[in-house]
2 protein chains.
Amino acid sequence: MGDQTQNRRARLRAETAQEIKTIALRLMSEGGPDAISLRAIAREMGMTAGAIYGYYPTRDDLVTTLISDVYTSLVDQAEAAVAPLPVDDVAGRTLAWAQAFRAWSVANPEGFRLIYGDPVTGYQPPEGGPAAEAAQRACAGLTSLVAGAWPRAENLEAADGHLWSDFQPAFAADIRDRFPELPPAGVALAIRVWGRMHGLVALEIYGHLRPLTHDPAKLYRAEMLDLVRSLGLTPHA
Amino acid sequence: MGDQTQNRRARLRAETAQEIKTIALRLMSEGGPDAISLRAIAREMGMTAGAIYGYYPTRDDLVTTLISDVYTSLVDQAEAAVAPLPVDDVAGRTLAWAQAFRAWSVANPEGFRLIYGDPVTGYQPPEGGPAAEAAQRACAGLTSLVAGAWPRAENLEAADGHLWSDFQPAFAADIRDRFPELPPAGVALAIRVWGRMHGLVALEIYGHLRPLTHDPAKLYRAEMLDLVRSLGLTPHA
DNA sequence: TAGAATTACTACACGGTGTTCAGTATCAGC
DNA sequence: GCTGATACTGAACACCGTGTAGTAATTCTA
């Protein structure tokens, strides 16, 4: 019966590892990224801080997997918001993605900080880590929107001057594989769209808009409408 | 001679307070915002950590004054980059501001994190603090650019729908005082321009662009050219 | 110039953190 | 029932911010 007992132990192990993540996420949502302390997690689990080292080699590794989880949930939500809309409604899909992005960020400010800010004291993101993967996934989602708008936005290409060699090879290969019709300028545009969505939300999450306006949603909406217009699209209604 | 000795003591006091800030800034530029520890500062000064409490009531207060200093230096640099250009070259001034903003950020990533990110473990920005003041100053600089472009960009006003009541009273009053001709939509546009400059730079500073491109400057330049074009301006050459 | 008062600073303690490691208790496998 | 792996404890180490009590020096006053 080696297998069953092995499975049993492996299952318990996996459950414990999951519980650590769950508690860590709850602590983060309650007290910010800095509340993710091994001691606090262990305290809630009735364990010792040292015990966690049996599951994650260091706290940064735990944070890394949390980032992966959280980032994935964000991209999932954005993709889910886009999915029900018809593929030819590029303006609607873009606005839906943008609103989903902000809605998630406002609902999970700590998650936003975890992904896009200094996650936690002294943390350095691993080079090829899951954050990079999720970032590529997010960027690919935006790229598909831009690719949909591209036929009508080609006038933007002229002055851009981007080449394939400007991008990281792995990323460029992935994109060229998925969107063969899209020129480098389109990829650059996708990243720029990402930056444009990111900017106002980041300022809002970190409280820099508070002394200026009490309706950041309106501001963001105006910006996104301007964005789809700049893509040569006209939003339905 | 009470005055002179008072002055002498006050001078020494001010010098020590300044030295604390200087060392804190150096520590930050070397090891990130989290390297600002009272113990490390005191160690470099040949003092005890507790001694710093004679100059700053708490570490967050020290960080607050650092933010003020750093933020001021950023805005100073942006304004200095704009100053030599003729007032009617709105496109050039806008691009100059944008480039100065990114150049400063790339040169002082830790400073950028300090201003725009989680400054430091558990730090909460004071409500009416110096960060808010510097933010208003930065925003006012951008607003003056937008005000310069406004006559040619009024077509953007229609769909915006912003009202003065959407903004914080103090901010709105300040802006209306300085730019009487500018409607609410123009102020909203100024903040949006800020967000647009902020987005790509924030992504770059926090390493999210690294897996995508190795020429973030080119990307940023393309975005800023698109921005001035969307303001109805054409950059010189 | 001698004493009083203010100031600057140290020394130490408290509770918090990540991390390591020797030891122990539990449990699967023979 | 014994052996070996696994999970966990408990204590330690080196940090951190923050107070507080005491001390040394410097300034003011008489």
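The structure presented is a predicted model; accordingly, all values stated were derived computationally and were not measured. To find a chain, count down the sequence lines: A is the first, B the second, and so on, and within it residues start at 1.
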State whether B/Arg13 places a side-chain N or O below 4.0 Å from either non-bridging phosphate oxygen (OP1 or OP2) of C/dT7.
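For C/dT7, OP1/OP2 do not have a side-chain N/O of B/Arg13 under 4.0 Å.
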Are [X] and [Y] close enough that their ring centers fall under 6.0 Å?
X	Y	value
A/Phe167	A/His162	yes
A/His198	B/Tyr206	no
B/Tyr220	B/Phe101	no

Any side-chain heavy atom of B/Val70 sitting closer than 4.5 Å to one from B/Leu74?
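In short, these two side chains do not touch, never coming nearer than 4.5 Å.
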Spacing between [X] atom [atom1] and [N] atom [atom2], to the nearest angstrom:
X	N	atom1	atom2	value
B/Arg11	D/dT27	CZ	P	11 Å
A/Met47	D/dT9	CE	P	6 Å
A/Ile20	C/dG18	CD1	P	13 Å
A/Leu12	D/dA5	CG	C1'	15 Å
A/Ile52	D/dC8	CD1	P	10 Å

Please determine whether a side-chain nitrogen of the Lys or Arg among A/Asp215 and A/Arg221 lies less than 4.0 Å from a carboxylate oxygen of the Asp or Glu.
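Salt bridge: no.
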Where along nucleotides 14-21 of chain D does protein come under 4.0 Å, by heavy atom, of base (B) or sugar-phosphate alone (S), with - for untouched nucleotides?
--BBB---
State whether the side chain of B/Asn108 and the backbone N or O of B/Trp104 hold a donor-acceptor pair below 3.5 Å, judged by distance alone.
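Side chain of B/Asn108 to backbone of B/Trp104, a donor-acceptor pair under 3.5 Å: yes, one is there.
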Contact class for A/Tyr55 vs. all strands (heavy atom < 4.0 Å): base, sugar-phosphate, or nothing?
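If one applies the 4.0 Å heavy-atom cut-off, A/Tyr55 turns out to touch the sugar-phosphate alone, with no base involved.
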